*Asks:* 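Have a look at this one.
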Amino acid sequence: MGNLWLGLFTLLQPAVLYACPLPLLGVSADGDLEFAEVYLEKFYNYKPVTGRRRRAAEPNLFQAKLREMQHFFGLEESGNVDPQTIAAMRSARCGLSDVEKFRKTMRWTNRTLTYRISRFSSKLTAAQVRTAFRQAWKLWAQAVPLKFRRQRKSDADIVISFNSKDHEDGSPFDGEGGILAHAFFPGPGIGGDVHFDDEEAWSTTNAKGCNVLAVAVHEFGHALGLPHSSDPGAIMFPAYNFGLHTVLQLSFQDVKDIQEMYGKRAISLDRLPPKTPDKCDTTLSFDAVTGLQQELIFFKDRFMWRVHPSFEQIGITLITSLWPELPAHIDAAYENTNKNTMLVFKGSQYWEVSSLKVKHGYPRNISEFGFPSTVRSIDAALYLRERRLTDFFIGGECWRFDEDAGWMMEGFPKPIAHEWPGIDSPVDAAVVHDGHIYFFVGPQQLEFNPRIRQVTKTMAANMWLQCPEITGS
Ligand code: 01S
Ligand code: CA
Ligand code: ZN
Ligand code: ZN
């Protein structure tokens, strides 16, 4: 049945496509056409064309959307608002399972797909665009047994172009910012096509503008049939979160999703795709933990969890969604509550974050704290507010920095247990919270009471992240 349908396929807003249909639509006994229009707008992203072009473009677009809907419901793909079609529309129920079935049919059957670049960018050279697209297809081709070939002829499966504002597909672009690009799910005609908003500041670097490679990988995912993913680590996550240090690669979830559609590529991937950590994994450990104003921030790989006393949900986000300049896999972080800044450490570098922005002039070298060059990285850092001291943990030792004087204190480093009785192994992270100090060691954390100078509790490291099955002991 797949080849029968014609014209425009869907669309771009999986959020619309995959939501349960809303039950209340404007129904009027003699308004079948209006009803169908509203229905297609709601569930098939049909956008009536307005203005000059309306008469010319409208009937085709409407009919194409109608055929798409008819295809989905297994009706005759007449493109007309016939009684069976209206009946199906009026009996709309939660379409989630239908939508799933529908999605599964939206995939290419050929193993070699052709693409054509029909209109280039006004910001990049043709060579830059070709290179970016070749690299973007390669990422998908490494996961599934598909081949992508660029061709100059006009009948390519996937036609890619840079356009601005209205470009006659019913989804006009919006100028710089907002929507960066969109793509059509697999199918004939416009199906599989990818449009980039030509008014974005497209670039081929991570440092500024919008990375065309990052957006291309995401759009090509749609062109292959993938909807948006709710995994913030996935390329198919619906937000551009490309940081300065981001290494572009498919995530575990992207690979799983695309392989479910097209199967696995025989040769294994060079690099295992990164998995997004699960906050309730009992083996979870952290890279760093810090306070930040009212919040506690837990860093892990490319991600962080923000625990705020008044947020109900503790969501995972990419570090780069807040701080594009920061790297992944950080070593340590602490908040200097007297100066209102957060310091983030990785290897011999550190960054300073103030009022939620990474300050200019960073990264700087940790030798500025007085570390000798033999210190290559820091395990954890802890700011002691009353004493205006910062303790750095490196292996089994603790170094103490005097924030006011700006130097490392005499007599350090010392064995950690000497300053912190009960803490006798290297630590992953440390944080002060509500008058207690928490040391993170693998999947555990130790609560230290500074008044009696001893460990008072041992808990799961992810105790703060609201996992129903985990409780303190
Ligand atoms: N395109 O695939 C998108 O996801 C659109 C929004 C659709 C509703 C059309 C878009 O440009 N979204 C922006 C984005 O960052 C916010 N998308 C992810 C990306 O990396 N391109
Ligand atoms: Ca835009
Ligand atoms: Zn378009
Ligand atoms: Zn998208």
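Atoms within each ligand, like the ligands themselves, are counted from 1 in listed order. Both backbone and side-chain heavy atoms feed into the values below; hydrogens, waters and symmetry mates do not. Given the structure is predicted, the values throughout are model-derived calculations rather than measurements. We count residues from 1, following the sequence as given.
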*Asks:* Can an N, O or S atom be found in Asp169 less than 2.8 Å away from the Zn ion (ligand 3)?
*Replies:*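 Yes - counting backbone and side chain alike, Asp169 has an N, O or S atom under 2.8 Å.
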*Asks:* Check each atom of ligand 1 against the heavy atoms of Ile179 and keep those under 4.0 Å away; list them by number with element.
*Replies:* 11 (O)
*Asks:* Taking both backbone and side-chain atoms of His228, is any N or O found less than 3.5 Å from an N or O belonging to ligand 1?
*Replies:* yes
*Asks:* Taking backbone and side chain together, does His182 place any N/O/S atom at a distance below 2.8 Å from the Zn ion (ligand 4)?
*Replies:*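 Checking His182: none of its N, O or S atoms is under 2.8 Å.
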*Asks:* Give yes or no for whether the N/O distance cutoff of 3.5 Å, strictly under, is met between Ala214 and ligand 1.
*Replies:*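 Min N/O separation from ligand 1 is not below 3.5 Å for Ala214.
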*Asks:* Applying a strict 4.0 Å limit to heavy atoms, is Ala239 in contact with ligand 1?
*Replies:*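 Yes, that is the case, since the closest heavy atom of the residue is under 4.0 Å from the ligand.
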*Asks:* Take Glu199 and Lys165 through the salt bridge (charged side-chain N to carboxylate O under 4.0 Å, His left out) test and state the conclusion after the steps.
*Replies:* CA-CA 9 Å; Glu199 292 181 75; Lys165 302 284 162 54; 3.3 Å; yes
*Asks:* Round to 10° and report the angle made at the Zn ion (ligand 4) by NE2 of His218 and NE2 of His222.
*Replies:*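 The two atoms subtend 100° at the Zn ion (ligand 4).
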*Asks:* Run the side-chain hydrogen bond (donor to acceptor under 3.5 Å, both in side chains) test on Trp202 and Gln128 for me, step by step, so that the C-alpha distance in whole Å, both residues' side-chain angles and the decisive distance to 0.1 Å come before the verdict.
*Replies:* CA-CA 11 Å; Trp202 296 113; Gln128 283 176 311; over 6 Å; no
*Asks:* Can you give me the ND1-the Zn ion (ligand 3)-NE2 angle for His195 and His167, to 10°?
*Replies:*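 For ND1 of His195 and NE2 of His167, the angle centred on the Zn ion (ligand 3) reads 110°.
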*Asks:* One pair to check against side-chain hydrogen bond (donor to acceptor under 3.5 Å, both in side chains): Asn462 and Gln466. What are the steps and the verdict?
*Replies:* CA-CA 8 Å; Asn462 58 1; Gln466 289 176 0; over 6 Å; no
*Asks:* Would you give the length of the straight line joining atom NE2 of His433 to atom OH of Tyr438, rounded to the nearest 0.5 angstrom?
*Replies:* 6.0 Å
*Asks:* Restricting to N, O or S atoms, which atom of His228 is closest to the Zn ion (ligand 4)?
*Replies:*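 When I compare the N, O and S atoms of His228, NE2 is nearest to the Zn ion (ligand 4).
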*Asks:* Show your working on side-chain hydrogen bond (donor to acceptor under 3.5 Å, both in side chains) between Ser285 and Asp428 and close with a plain yes or no.
*Replies:* CA-CA 8 Å; Ser285 61; Asp428 294 330; 4.5 Å; no
*Asks:* Should Ala181 be counted as touching ligand 1, given the test is an N or O pair under 3.5 Å?
*Replies:*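 N/O-N/O distance under 3.5 Å: yes.
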*Asks:* Just by distance, do the side chain of His245 and the backbone of Glu325 share a donor-acceptor pair under 3.5 Å?
*Replies:* yes
*Asks:* From atom 13 (C) of ligand 1, work out which of Leu180, Asp197, Val212 has a heavy atom at the shortest distance.
*Replies:*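 The nearest heavy atom belongs to Leu180.
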*Asks:* For atom 2 (O) of ligand 1, which candidate among His182, Glu200, Glu219, Met236 holds the nearest heavy atom?
*Replies:*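 Among His182, Glu200, Glu219, Met236, the closest heavy atom to atom 2 (O) of ligand 1 comes from Glu219.
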*Asks:* Could you tell me whether the side chain of Val289 reaches within less than 4.5 Å of the side chain of Phe299, counting heavy atoms only?
*Replies:* no
*Asks:* Evaluate the ring planes of Phe440 and Phe286, with Trp represented by its six-membered ring, and classify them as parallel (under 30°), tilted (30 to 60°) or perpendicular (over 60°).
*Replies:* perpendicular
*Asks:* Please identify which atoms of ligand 1 are closer than 4.0 Å to at least one heavy atom of His222.
*Replies:* 2 (O)
*Asks:* Would Asp193 and His195 count as a side-chain hydrogen bond (donor to acceptor under 3.5 Å, both in side chains) here? Give the steps.
*Replies:* CA-CA 7 Å; Asp193 288 5; His195 302 161; 4.9 Å; no
